[in-house]
Number of protein chains: 2
Amino acid sequence: MDEHEHNAASRDAGGRAAGRKPARGVTMETVGRLAGVSQVTVSRALSDPSKVSPKTLAKIHEAIEMTGFVPNALAGALASSKSKLISALVPSIRNFVYAGMVQAFSAVMRDNGYQIMLSETGFEPEEEEKLIAAHLSRRPDAMMLTGIHHSAQARRMLLGADIPVVEVWDITDSPIDVCVGFSHADTGRAVAEFAHANGYRQAGCVAAGDERARRRARAFSERFKALGGEGVAIAQFDAPASLERGRQGLAQLMDAQGFSGGVVFCSSDLLAHGVLVEARERGLQVPGQLAVIGFGDQDFSAFVTPAITTVRVNMEAFGQSAARAVLERIEAQRGDQSVIDLGFEIVRRESA
Amino acid sequence: MDEHEHNAASRDAGGRAAGRKPARGVTMETVGRLAGVSQVTVSRALSDPSKVSPKTLAKIHEAIEMTGFVPNALAGALASSKSKLISALVPSIRNFVYAGMVQAFSAVMRDNGYQIMLSETGFEPEEEEKLIAAHLSRRPDAMMLTGIHHSAQARRMLLGADIPVVEVWDITDSPIDVCVGFSHADTGRAVAEFAHANGYRQAGCVAAGDERARRRARAFSERFKALGGEGVAIAQFDAPASLERGRQGLAQLMDAQGFSGGVVFCSSDLLAHGVLVEARERGLQVPGQLAVIGFGDQDFSAFVTPAITTVRVNMEAFGQSAARAVLERIEAQRGDQSVIDLGFEIVRRESA
DNA sequence: TTGTAAGCGTTATCAC
DNA sequence: GTGATAACGCTTACAA
């Protein structure tokens with residue numbers, strides 16, 4: 001691999017850095033003065049135009065145009081105690097499932113006039129706690145959290161904030177407020193049953209990711225054994241998952257754990273893809289000698305060869321459903337259900 | 001492909017939805033009363049503890065602990081006109097380059113006490129304009145934008161807001177404030193030169209993505225022709241890129257545009273991967289009959305077979321550099337450079 | 001239809 | 001070291 005460097009340079013072009021004006025911002029007061037009305041009328045013109053006469057409305061809009069007035073939502077939120085801000089906390093936006101959920105969630109929220117404050121919690125619980133406090137200080141109208149495990153202090157703060165809280169990507173019978181997800185343990189068990197029903201008696205797991213990925217692998221392993229399969233070899237890595245990890249995973253299973261063939265359940269399609277690549281390098285026939293099952297149904301999964309058999313979860317549905325649950329709670333001060341199980345499905349393709 | 005549905009159900013478990021208290025929030029006033037001091041002292045205890053005696057400090061913290069007080073950052077921001085909020089606008093967080101940039105940007109910002117308000121602009125300029133207005137109303141301390149093309153109205157609002165603005169992922173000699181990126185045209189030209197130098201005389205492009213992807217393809221095409229190569233066939237798709245699009249791209253090039261072999265420059269590694277898969281299906285030798293060059297150096301690119309020759313841009317560096325530029329401007333009210341070109345490099349692997 | 005007045009929960013500026 | 005007091009720029013009664 002040879003590399004060609006290009007253009008790594010920086011130039012100084014002055015810019016407008018020097019003279020930033022100390023300008024007092026333009027407020028509703030300013031606009032009102034220009035339009036010959038009081039500040040409140042400007043406020044009304046913006047929040048409920050029907051309460052203002054067409055003539056003054058026109059003058060106000062003209063003044064807004066002239067001044068380039070942008071309302072101060074901080075002041076508005078302080079006065080009304082409605083921030084129109086929603087907090088969203090996910091482990092990582094580079095993980096495509098979380099990115100997909102957030103995108104869907106945000107889209108629905110934006111369409112309803114809300115803005116998202118997004119933070120990544122990484123994979124440590126203490127980090128989440130700090131972030132929750134930071135977010136709460138902005139007085140969001142609701143909060144979206146990933147997963148159902150949160151520190152006691154975090155739960156206390158959340159309860160104290162007295163806003164709708166939706167936990168996504170997992171379910172529990174005792175959500176803080178409402179949860180939207182699926183059972184990770186059920187997923188692992190269903191895959192074990194699928195594998196067993198398809199005649200596989202030897203199995204391995206390649207897992208990389210958070211605690212939920214491990215939970216799926218564990219449930220798979222237990223069920224597979226209970227069905228009479230052999231002990232399940234597990235190759236486990238820290239998050240994040242990658243194609244490289246998948247290749248290493250198969251190598252580890254075969255070279256260090258005596259796994260010689262059968263089915264491999266991976267905690268993501270990216271890993272499954274890596275297993276597939278490594279299998280081809282080793283001249284293994286898929287699904288003849290080695291069967292592979294992934295998780296997540298990434299957009300490439302149906303288009304690689306062999307196409308990946310996987311577990312599909314509808315991330316967009318999670319995001320949308322979570323958004324709707326939140327909106328319902330914000331607007332009606334209540335919500336119908338507190339546990340929304342969106343399930344999953346096994347998609348059989350060529351790899352298993 | 002057969003599918004097995006699982007658990008798609010929802011249950012009602014009551015939750016705490018019913019009784020949301022109308023409780024007046026706990027403020028610094030409340031805390032102060034409990035600690036036997038005034039509200040201001042509580043404020044000081046939090047913002048500059050050295051200005052408060054150890055004894056009262058202890059009492060205040062005790063009161064905070066008891067009440068679960070969380071400061072109201074909205075009020076703080078209104079009073080101090082420092083929101084400690086940074087706006088970030090990207091086309092899509094599901095695109096791994098943008099996700100990577102945002103992650104790096106956010107990490108640096110968070111370490112400096114700032115929080116990120118993130119929105120996706122999609123690929124329409126009017127959408128960006130609306131979002132800029134919405135973000136500005138929250139009075140962010142700075143704003144990060146993707147790309148250098150913004151509507152006139154957007155520029156006006158940004159200038160009027162009088163906050164640091166950093167444009168990432170592209171460069172121009174006339175940034176709004178500061179830009180951090182690389183030249184997309186130079187990238188296309190460099191790839192053309194690389195391809196020509198390696199003996200390829202026939203070429204195609206597969207492009208899917210935004211205007212910048214098209215700019216790279218166009219620059220590649222022009223340069224390739226200028227160097228004496230043949231006319232370049234182009235298969236173009238709307239964003240987003242996917243493996244499937246890559247497969248379709250090669251198919252279109254070969255079946256509809258008479259491309260029979262040579263080098264294919266793709267606007268992302270995902271597309272390149274698709275081209276590779278399609279090439280294998282068609283029994284084409286890579287890089288013998290078909291050479292493939294991608295863009296972005298995704299994490300799988302080095303690990304598929306053949307490993308993908310690609311253009312690497314350091315997304316983390318963009319995010320970090322953008323963050324530093326912003327911090328510099330916030331804190332010093334100025335910034336050294338206004339154009340930061342971080343360049344790119346061609347990474348040769350097996351596919352070309 | 002429009003205006004007045006009283007907050008919202010902080011920070012900033014003085015005084016003590 | 002601590003406390004009044006006045007902003008900050010809105011929204012929400014309540015009057016006119």
Side-chain angles (χ1 to χ4, degrees), chain A residues 22-60 63-64 67-85 113 134 136-141 160-161, chain B residues 22-61 63-64 67-85 113 134 136-141 161:
Chain A
R24 301 281 309 90
V26 24
T27 71
M28 289 185 171
E29 186 68 46
T30 327
V31 173
R33 210 145 37 210
L34 235 152
V37 295
S38 78
Q39 174 267 335
V40 253
T41 307
V42 178
S43 173
R44 271 198 282 264
L46 264 46
S47 59
D48 186 358
S50 74
K51 290 186 163 180
V52 172
S53 85
K55 281 191 74 160
T56 55
L57 205 57
K59 276 194 281 192
I60 288 173
I64 288 178
T67 53
F69 169 68
V70 178
N72 185 328
L74 294 174
L78 181 59
S80 67
S81 52
K82 279 179 210 123
S83 66
K84 287 279 179 179
L85 256 186
L136 250 24
S137 75
R138 309 272 178 191
R139 297 298 187 261
D141 288 342
Chain B
R24 304 279 310 88
V26 22
T27 70
M28 289 186 172
E29 187 67 47
T30 327
V31 173
R33 210 144 39 209
L34 235 154
V37 295
S38 78
Q39 175 269 112
V40 254
T41 307
V42 178
S43 174
R44 275 199 208 94
L46 264 45
S47 59
D48 187 358
S50 73
K51 290 186 162 181
V52 172
S53 86
K55 281 189 76 160
T56 56
L57 205 57
K59 276 194 281 192
I60 288 172
H61 278 125
I64 289 178
T67 53
F69 168 69
V70 178
N72 185 328
L74 294 174
L78 181 59
S80 67
S81 52
K82 280 180 208 120
S83 65
K84 286 280 176 180
L85 258 186
L136 250 23
S137 76
R138 308 272 178 192
R139 298 296 187 264
D141 287 342

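Chain identifiers are assigned alphabetically (A, B, ...) following the order of the sequence lines, protein sequences preceding nucleic acid strands; residue numbering begins at 1 within each chain. This structure is a prediction, so every number in the text was calculated from the model and none was measured.
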Taking the nucleotide of DNA chain D with the closest heavy atom to each, which residue, B/Ala79 or B/Leu57, is nearer the 5' end?
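Closer to the 5' end of DNA chain D: B/Leu57.
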
Nearest-nucleotide wise, let me know which of B/Leu78 and B/Thr41 is further upstream toward the 5' end of DNA chain D.
B/Thr41

Base, sugar-phosphate, or nothing for [X], non-hydrogen atoms under 4.0 angstrom?
| X | answer |
| --- | --- |
| B/Ser47 | nothing |
| A/Val40 | base |
| B/Gln39 | base |

Counting only side-chain heavy atoms from C-beta out, which of D/dC10, C/dA5, C/dT10 sits nearest to A/Phe69?
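Within the option list, the nearest is D/dC10.
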
The nucleotide from D/dG9, C/dT1, C/dT10 with an atom nearest the side chain of B/Met28 is C/dT10

Polar pair under 3.5 Å, donor/acceptor by atom type, side chain B/Arg44, base D/dG3:
yes

Check the distance between [N]'s [atom2] and [X]'s [atom1] and give it to me in whole angstrom.
| X | N | atom1 | atom2 | result |
| --- | --- | --- | --- | --- |
| A/Arg33 | C/dG3 | CZ | P | 14 Å |
| B/Lys55 | D/dT2 | NZ | C1' | 15 Å |
| A/Lys59 | C/dT1 | NZ | P | 15 Å |
| A/Lys51 | C/dT2 | NZ | P | 13 Å |
| B/Glu29 | C/dG7 | CD | P | 13 Å |
| B/Asp48 | C/dT13 | CG | P | 14 Å |
| A/Leu46 | D/dG9 | CG | P | 16 Å |
| B/Leu74 | C/dT11 | CG | P | 12 Å |

Ignoring hydrogens, what is the shortest heavy-atom contact between [X] and [Y]? Give both atom names and the distance.
| X | Y | value |
| --- | --- | --- |
| A/Arg139 | B/Val70 | NH2-O, 2.7 Å |
| A/Lys84 | B/Arg138 | O-NH2, 2.9 Å |
| A/Gly25 | A/Thr30 | O-OG1, 4.4 Å |
| A/Phe69 | A/Leu46 | CE2-CD2, 3.8 Å |

When you check the phosphate oxygens OP1 and OP2 of C/dT2, does a side-chain N or O of A/Ser38 lie under 4.0 Å from one of them?
no

Taking 4.0 Å as the cut-off, does a side-chain nitrogen or oxygen of A/Ser80 come that near to OP1 or OP2 on D/dT12?
no

Passing candidate, side chain to side chain contact (heavy atoms under 4.5 Å, CB included) with B/Val37, options B/Thr56, B/Val31, B/Val52:
B/Thr56

Given that B/Ala75 and B/Lys82 both sit by DNA chain C, which one's nearest nucleotide is further toward the 5' end?
B/Ala75

